Amino acid sequence: MKLFVGIDVSSKKLEVSMLTSDISAKPLFQGTFENELNGATEVKKLILKLNLSQQFEKIVIGMEATSIYSFHPAYFFENDDDLAQFNTQAVIINPRDTKKYKDIFEIQKNDSIDAYYIADFLRLERYSTSLVRQEKYVALQRLTRSRFELVKSLSRSKQHFLENLYYKLNKLVVNDDLNTSVFGATMLDLLTEDFTTDDISVMPIEELADYLNSKGKGRFANPSALAKTIQKAIRGSYRLDKTIQTSIDVVLSVYVNEIRLFQKQIKLLEKSIDDLLKTFDEAQILQSIPGIGPVYSAGILAEIGQIKRFENQSQLAKYAGLAWKKYQSGSFNGDNTPMIHSGDTYLHYYLIEAANSVRRYDPVFARYYHQKANEAKHSPHKRAVSLTARKLVRVIDVLLRNHQIYQKEKVV
């Protein structure tokens, strides 16, 4: 006899339903507990009490992946010493799977009913599970996901900065001859702090070049040419009314402060990520793949966790959202198959970015990418890089399972 514990998790409550593998038997328990340490402990005590009387051959405790709310109870049950003495498994289930299962019975939304159908779904033992990840992967994930969000915020701030800079200096923003970024420290100071637009437009070229060379600590290859390009762009830009000019300057100043703050925070996170990544043997494995450095390896490892969480590479690919729907009827197979709209958003992002980098450094991946791009009828780059990421999943899965370093194949 097996015990299946379904838990519907919310921010405050744990709705619990306990079923045995005997489908004709009524639920052993249904009730509500607080989503906190004491509540989870009460659930554990009840499980142990039932096990004492019935001696279950296996205990499965499952709950849906519900953002941050399922983390604590899942981690509690997975790492509890008392439960570990028995054949206990804590699993995280894809909410899409349980919803499809519950929809078969056309049941309306109800937390206690949801808990029952989670337990009933577990009882089928055909679910695709994700084991609770170990502590160090959770720690790395907190850092990499925070970095991911800060990078997005930084990108957003830069975009808003450019939009407002266009009002002030439209010719500078669209100038193809400006061979430096406006987001460099020197350029930001020049455009928003040290001088007004009128000051720069009348400044002698030698003086502006000396400023760029001194402020940039000699990093500009040709300060004089850059000074001429900046001054020409400023002189060719539209002039603003003083009232508008003042407003734009205030907005630009706000975004400059935001950009610098985000950049500082990202560096702090990257230092912590780098320190923690040194404790992962898998990091060297992933970084042996050409084009994958610390950022991509950290993001991928943080989301995958221990590779044994996945039964095979197909399950890993599906978890990453790198799987395609199949259109098949009789002998007909559709060519234009769309990607599934599910999976781990962060892992999907890091694999796509990593694949786009790997195909630039590894000739085998490069050849595969170009082959798929030539075959695609729509969005060749997007489809080719997605398929390349799917190929990368297969490589990563083999390397991590076998603890081996990547060996470059020879292109024939």
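Treat the numbers as computed from the prediction; the structure is a model and nothing was measured.
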Under 3.5 Å, is there a donor-acceptor pair between the [X] and [Y] side chains?
{"X": "Y406", "Y": "D362", "result": "yes"}
{"X": "R235", "Y": "Q231", "result": "yes"}
{"X": "E303", "Y": "Y319", "result": "no"}
{"X": "S357", "Y": "R360", "result": "no"}
{"X": "E149", "Y": "Y346", "result": "yes"}

Any I266 side-chain heavy atom under 4.5 Å of R147 side chain: yes

Enclosure of K171 NZ (heavy-atom neighbours >12, cutoff 6.0 Å): no

Neighbour count >12 (heavy atoms, 6.0 Å) for atom NE2, H381: yes

Does NZ or CZ of [X] fall inside the cone over [Y]'s six-membered ring, less than 6.0 Å from its centre and within 45° of the axis?
{"X": "K136", "Y": "F280", "value": "yes"}
{"X": "K391", "Y": "F365", "value": "yes"}
{"X": "R359", "Y": "Y369", "value": "yes"}

From K13, K102, K99, residue fulfilling salt bridge (Lys or Arg N to Asp or Glu O under 4.0 Å) relative to D114: K102

Using ring centroids (six-membered ring only for Trp), state whether [Y] and [X] fall under 6.0 Å.
{"X": "F161", "Y": "F183", "answer": "yes"}
{"X": "F121", "Y": "F4", "answer": "no"}
{"X": "F86", "Y": "F56", "answer": "no"}
{"X": "Y101", "Y": "F105", "answer": "yes"}

Separation of Y116 OH from S17 OG (nearest 0.5 Å): 7.0 Å

Test log, rule side-chain contact (heavy atoms from CB on, under 4.5 Å), inputs T88 and E78: CA-CA 8 Å; T88 304; E78 174 69 14; over 6 Å; no

Backbone N/O of S10 and side chain of N35: donor-acceptor pair under 3.5 Å: yes

Intermediate values then yes/no, side chain to side chain donor-acceptor pair (under 3.5 Å), Y349 and D344: CA-CA 9 Å; Y349 165 81; D344 185 312; over 6 Å; no

